[in-house]
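Here is the structure we will look at, set down as structure tokens.
A, B, ... follow the sequence lines: proteins, then strands. Residue 1 opens every chain.
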2 protein chains.
Amino acid sequence: MKIDPRKPADLSAQIAQAIRDAIISGELIVDERLPSEAELSDQFQVSRPTVREALKRLAAQSLIRTQRGASGGAFVNRISFEDAYSQQITTSTLLLSMNAVSFDTACEARFSLERACAPLSAQRRTSDQLATMRAEIFRQAQPRLSDEAFCASDVTFHRALVDGADNPVLSYQLAGAVEAMQPLMNMITFTARSREQIISLHNQIADALEERDAAKVDAKLVELEEYTRKLAQDVAQQHRKPA
Amino acid sequence: MKIDPRKPADLSAQIAQAIRDAIISGELIVDERLPSEAELSDQFQVSRPTVREALKRLAAQSLIRTQRGASGGAFVNRISFEDAYSQQITTSTLLLSMNAVSFDTACEARFSLERACAPLSAQRRTSDQLATMRAEIFRQAQPRLSDEAFCASDVTFHRALVDGADNPVLSYQLAGAVEAMQPLMNMITFTARSREQIISLHNQIADALEERDAAKVDAKLVELEEYTRKLAQDVAQQHRKPA
DNA sequence: AAGATTTTATTTGTCTGACATTTAAAAGTC
DNA sequence: GACTTTTAAATGTCAGACAAATAAAATCTT
């Protein structure tokens, strides 16, 4: 692990990159302890605060964890699916909100990915997952539910569907797409009529999963996508010419 | 933005989270300048190094960028698709390598997602993207190509397919899945026979895209997935009883 | 000798104060 | 008015110190 002090980039960024490369290449393995901050400052010929800034960068990416005390230090972290989820959700959410991604584009991506899970989910869904979906549908039918709570329940429903595929890699990839849509969905005002429609489709999706009918799940997801996009269009139109 | 100094977590982590929340909630908007490090240390009642560690954490997530000099400072960064790609690839790659995800699981996820793009790509692919795919197929046919280079070309081919869907959100999500598979794919030794088979399928996929035949693209992707999994199984079997 | 307690050493977390470097704006010069 | 110089503000880096946590070693007690 070497750095070039003449490079224009910040030393702490260079050091972080050097350690990151070592982790990715397998030179440093999971749970291995890095040299102490003092040793690293010697090794890279920089001060301790600079080393610390580098380590904090890596900690922010969940690449290392630190522990105080004797026999403490910085350890290479095994990135868990949990860690990866939350990072992905943060990034995806900001990516959509900051880059003026159209509702249609996001919606298309989300439903395309979700439909990719549908056949697997139809095969493998557990009764627990089906029960979760039914419970969320029940919650969605409560008339006093706020729009935000309705959307949150929608996310839970769809995550259960995705988890039904029983493939953690798929679940991880989808987490970003499904959750990142939520702020966009929150812009929609759901009328009693539109909620009824969505709940009906949710019920049909749950039915299809119960029957393990992949084609029907797919068809209903297509319907749901179309309906969702229509709702968004209505909102956009009302914005153009308000009452 | 407030922090609680009594909390067990590191101050720099708390400060980073407070600023992160402010960005996510929209309290801080893109290109807005954060207070200077000195001002932040006053505000949070901590020292400048602690503030700096917090800022480096945010910089590692591409949430802020910094600029030196007068009228410099830390600015809220617009997360680009580029930034998000590279972060996602790093995370996905480590996630797979560190968590003993089986080849089958990763492969299933990757092809499921890719098949989600196929119908859109069949509709929208440009002739440029088709040309890229043909060029990569040509490269793959070079007999002197190393296994690593063959895999790299494979990634380029499949990314072109995904980009054909003309949906940046989909491309972003897929980048992780496709690229993260590469280290796993690199474990496969491609014989002349298996390369021939893969190239043949690539050609048929390109043909199908040229004809805008979504069903055929899908079918060929299924074939390719099956063949890839078979190759991996052979490798695993050879490991069990080596020559 | 075994177990409980205290001490000690190590390591990260934090602070203070300083200097270097970069950069844009202000001041000065022709 | 255009160019040059100066200045001020901000981040980047350094050195040295102390605080706090923690595990291991040493000591004490029974």
Exercise. Looking at A/Ser12, does any N or O in its side chain come under 4.0 Å of the phosphate oxygens OP1/OP2 on D/dG12?
Worked result: no

Problem set entry | Length of the line joining B/Arg68:CZ and D/dA8:C1', which is rounded to integer Å | 15 Å

Exercise. Nearest to the side chain of A/Arg48 - C/dA18, C/dT12, D/dC14?
Worked result: C/dT12

For this session: Could you tell me whether B/Arg229 and B/Glu225 have a side-chain N and a carboxylate O separated by less than 4.0 Å?
Result: yes

Seminar exercise, completed: Whole-Å distance, A/Phe75 CZ to C/dT11 P, equals 10 Å

For this session: State which of C/dT16, D/dG12, C/dA9 makes the closest approach to the side chain of A/Ala70.
Result: C/dA9

Exercise. Should B/Ser71 be listed as having a side-chain N or O under 4.0 Å from OP1 or OP2 of D/dA10?
Worked result: no

Exercise. For A/Thr66 and C/dT11, is the shortest distance between a side-chain N/O and OP1 or OP2 below 4.0 Å?
Worked result: no

Problem set entry | Which nucleotide in C/dT10, C/dT14, D/dT13 has an atom nearest any side-chain atom of A/Glu53 | D/dT13

Problem set entry | For atom CG of A/Asp10 and atom P of D/dA10, their distance in whole Å | 18 Å

Problem set entry | Stepwise side chain to side chain contact (heavy atoms under 4.5 Å, CB included) check, A/Leu55 with A/Glu37 | CA-CA 9 Å; A/Leu55 294 180; A/Glu37 295 174 354; 3.8 Å; yes

For this session: Check the side chains of B/Gln17 and B/Asp21 for a donor-acceptor pair under 3.5 angstrom, ignoring hydrogens and angles.
Result: yes

Exercise. Rounded to whole angstroms, how far apart are CD on B/Glu37 and P on C/dT14?
Worked result: 16 Å

Problem set entry | Most 5' of A/Gln67 and B/Ala38 on DNA chain D, judged by nearest nucleotide | B/Ala38

Exercise. For A/Leu40 and C/dG13, what is the distance between atoms CG and P respectively, to the nearest whole Å?
Worked result: 13 Å

Exercise. Can you check the B/Arg52 CZ to D/dA10 P distance for me, whole Å?
Worked result: 14 Å

For this session: Just call it for A/Arg65: base, sugar-phosphate, or nothing, with non-hydrogen atoms closer than 4.0 Å on any strand.
Result: nothing

Exercise. Is it true that A/Arg139 and A/Glu136 make a salt bridge, defined as a side-chain N closer than 4.0 Å to a carboxylate O?
Worked result: yes

Exercise. What's the CG-P distance between A/Asp42 and C/dT10, to the nearest Å?
Worked result: 15 Å

Problem set entry | Side chain of A/Ser47 (C-beta onward), nearest among C/dA20, D/dA23, D/dA15 | D/dA15

For this session: Answer yes when A/Arg65 and A/Asp31 have at least one side-chain N-carboxylate O distance shorter than 4.0 Å, and no when they do not.
Result: yes

Exercise. Quick one: A/Leu11 CG to D/dT11 P, roughly how many Å, whole number?
Worked result: 17 Å

Seminar exercise, completed: Of the candidates C/dT11, C/dT21, D/dC14, the side chain of A/Ser36 sits closest to C/dT11

